[in-house]
Visitor: 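Before anything else, here's the structure in question.
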Amino acid sequence: MLNISSNVSLDDNEITFEAIRAQGSGGQKVNKTSAAIHLRFDIAASSLPDFYKEKLLSLKDKRITKEGIIIIKSQQHRSQEQNRDEALERLTELIKSVNVIQKKRIATKPTKGSVNRRLKSKKKHAGKKRLREKVDTE
């Protein structure tokens, strides 16, 4: 069982793991062992509450396919078990992230002082540029 929160958990058979060879350099061990992990999680077929499913499917995340399958690749560690644990952690964080409600931003106007400072610095900069102009000798 993978616990997401106090009342939401996932069964182990909903998550599939595939061992693959890690990419990149790393010597002889990388070429002959399958230490990297591909984690696959089908959102629609899962036992998650509908709220989580809707939010996850609406996310614009490259790890979520058009079919609604989350694919997480973990290859940081040298052992398959550590990569498996890291992939599960990343899945948990992704699912938890949809439960966080963002505060709506309230648009504010700049203060009069900040507007005056900005305009003053613009005039100063324009004055510098004006002094660099070519002088008419006529």
Side-chain angles (χ1 to χ4, degrees):
M1 290 292 273
L2 179 67
N3 292 326
I4 306 299
S5 67
S6 59
N7 55 359
V8 178
S9 60
L10 296 174
D11 200 14
D12 290 335
N13 60 6
E14 295 181 35
I15 304 166
T16 58
F17 296 97
E18 181 184 355
I20 57 171
R21 288 193 177 152
Q23 293 178 331
S25 61
Q28 296 171 348
K29 182 173 171 41
V30 168
N31 298 331
K32 62 186 181 182
T33 58
S34 298
I37 292 289
H38 262 182
L39 176 146
R40 291 178 187 273
F41 176 69
D42 190 0
I43 299 169
S46 69
S47 63
L48 283 174
D50 292 333
F51 166 77
Y52 282 96
K53 288 181 183 181
E54 290 171 14
K55 291 281 191 175
L56 281 170
L57 290 171
S58 67
L59 276 180
K60 287 181 175 46
D61 195 315
K62 65 181 180 180
R63 298 172 289 185
I64 302 174
T65 63
K66 291 178 184 174
E67 294 80 32
I69 297 172
I70 298 175
I71 301 173
I72 296 176
K73 182 178 182 181
S74 177
Q75 62 179 12
Q76 289 293 108
H77 305 284
R78 292 178 69 176
S79 79
Q80 201 177 87
E81 191 62 35
Q82 285 177 318
N83 283 328
R84 184 179 180 277
D85 292 341
E86 184 187 349
L88 284 171
E89 274 182 39
R90 290 185 5 216
L91 175 67
T92 305
E93 286 180 23
L94 179 65
I95 295 172
K96 282 182 180 179
S97 71
V98 297
N99 201 16
V100 176
I101 299 168
Q102 295 277 328
K103 285 186 180 177
K104 191 163 182 164
R105 185 185 176 276
I106 300 169
T108 57
K109 291 183 179 178
T111 62
K112 285 184 180 179
S114 66
V115 170
N116 287 336
R117 283 190 297 273
R118 188 181 117 262
L119 293 176
K120 192 175 180 181
S121 76
K122 283 178 71 159
K123 283 182 183 176
K124 185 178 177 184
H125 193 67
K128 263 193 260 180
K129 298 285 189 179
R130 208 174 306 110
L131 290 173
R132 294 180 191 160
E133 286 179 359
K134 224 176 197 180
V135 179
D136 281 338
T137 54
E138 290 182 35

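The chain is numbered in sequence order, starting from 1.
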Visitor: Between atom OG1 of Thr65 and atom CZ of Arg40, what is the distance when rounded to the nearest 0.5 Å?
Guide: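 Those atoms lie 8.5 Å apart.
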Visitor: Tell me, please, which residues at least two apart from Gln82 pass side chain to side chain contact (heavy atoms under 4.5 Å, CB included).
Guide: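 By the side chain to side chain contact (heavy atoms under 4.5 Å, CB included) rule, Gln82 matches His77, Ser79.
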Visitor: Quick test of your reading: applying side-chain hydrogen bond (donor to acceptor under 3.5 Å, both in side chains), list the pairs with at least one residue in residues 95-108, sequence neighbours left out, ordered by first then second residue.
Guide: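 Applying side-chain hydrogen bond (donor to acceptor under 3.5 Å, both in side chains) to every pair that reaches into residues 95-108, excluding sequence neighbours, yields Tyr52-Asn99.
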Visitor: So, using side chain to side chain contact (heavy atoms under 4.5 Å, CB included) as the criterion, who are the partners of Ser58 when residues are at least two apart?
Guide: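 Ser58 satisfies side chain to side chain contact (heavy atoms under 4.5 Å, CB included) with no residue once adjacent residues are dropped.
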Visitor: Once side chain to side chain contact (heavy atoms under 4.5 Å, CB included) is applied, do any residues pair with Gln80, and if so which ones, sequence neighbours excluded?
Guide: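 For Gln80 the side chain to side chain contact (heavy atoms under 4.5 Å, CB included) partners, ignoring immediate neighbours, are Ala19, Ile37.
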Visitor: To the nearest 0.5 Å, what is the distance between OG (Ser46) and CD1 (Ile95)?
Guide: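 Nearest 0.5 Å value for the OG-CD1 distance: 7.5 Å.
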Visitor: What are the two closest non-hydrogen atoms of Leu56 and Ile64, and how far apart are they?
Guide: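 Smallest interatomic distance, heavy atoms only, reads O-CD1, 3.3 Å.
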Visitor: How does the hydrophobic cluster around Ile101 look, that is, which other residues are in it when side-chain heavy atoms under 4.5 Å mark a link?
Guide: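 So far as hydrophobic clustering goes, Ile101 is joined with none.
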Visitor: Quick one: hydrophobic cluster around Leu119, which other residues, with the 4.5 Å side-chain cut-off, linked directly or via members?
Guide: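 The other cluster members (ILVMFWY side chains, heavy atoms under 4.5 Å, direct or chained) are Val115.
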Visitor: State the NE2-CD1 distance between His38 and Ile72, to the nearest 0.5 angstrom.
Guide: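 Between His38 NE2 and Ile72 CD1, I get 10.5 Å after rounding to 0.5 Å.
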Visitor: Is there a continuous path of hydrophobic side-chain contacts, each under 4.5 Å between heavy atoms, that joins Phe51 to Ile43?
Guide: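 Same cluster: Phe51 reaches Ile43 through Ile, Leu, Val, Met, Phe, Trp or Tyr contacts under 4.5 Å.
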Visitor: State which residues pass salt bridge (Lys or Arg N to Asp or Glu O under 4.0 Å) with Arg90; sequence neighbours excluded, sorted by chain then number.
Guide: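 Once residues adjacent in sequence are excluded, the partners of Arg90 under the salt bridge (Lys or Arg N to Asp or Glu O under 4.0 Å) criterion are Glu86.
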Visitor: With salt bridge (charged side-chain N to carboxylate O under 4.0 Å, His left out) as the rule and sequence neighbours excluded, what pairs involving residues 46-55 come up?
Guide: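 Passing the test, one end in residues 46-55: no pairs.
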Visitor: Is there side-chain contact between Leu59 and Val98, with heavy atoms separated by less than 4.5 Å?
Guide: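 They are in contact (side-chain heavy atoms under 4.5 Å apart), so the answer is yes.
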Visitor: Any salt bridge (charged side-chain N to carboxylate O under 4.0 Å, His left out) involving residues 119-135? Give me the pairs, sequence neighbours left out, ordered by first then second residue.
Guide: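 Listed by first then second residue: nothing to list.
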Visitor: Ile69: which other cluster members, linking ILVMFWY side chains closer than 4.5 Å, directly or transitively?
Guide: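 Grouped by the 4.5 Å side-chain rule, Ile71 form the rest of the cluster around Ile69.
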Visitor: Quick check on the hydrophobic clustering: are Leu91 and Ile20 connected, directly or via other members, by side-chain heavy-atom contacts under 4.5 Å?
Guide: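 Looking at the clustering, Ile20 is in a separate group from Leu91.
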Visitor: Using the six-membered ring of Phe17, assess whether NZ or CZ of Arg84 lies under 6.0 Å from its centre and within 45 degrees of the ring axis.
Guide: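 Arg84 over Phe17 ring: yes.
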Visitor: Is the backbone N or O of Leu88 less than 3.5 Å from a side-chain atom of Thr92, with the two atoms forming a donor-acceptor pair by type?
Guide: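 Side chain of Thr92 to backbone of Leu88: a pair is present.
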Visitor: Applying salt bridge (charged side-chain N to carboxylate O under 4.0 Å, His left out), which residue pairs with at least one partner in residues 61-73 are found, sequence neighbours left out?
Guide: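 Salt bridge (charged side-chain N to carboxylate O under 4.0 Å, His left out) check on residues 61-73 returns Asp61-Arg63.
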Visitor: For the atom pair NZ (Lys112) and NZ (Lys109), what is the distance rounded to the nearest 0.5 Å?
Guide: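 These two atoms lie 11.0 Å from each other.
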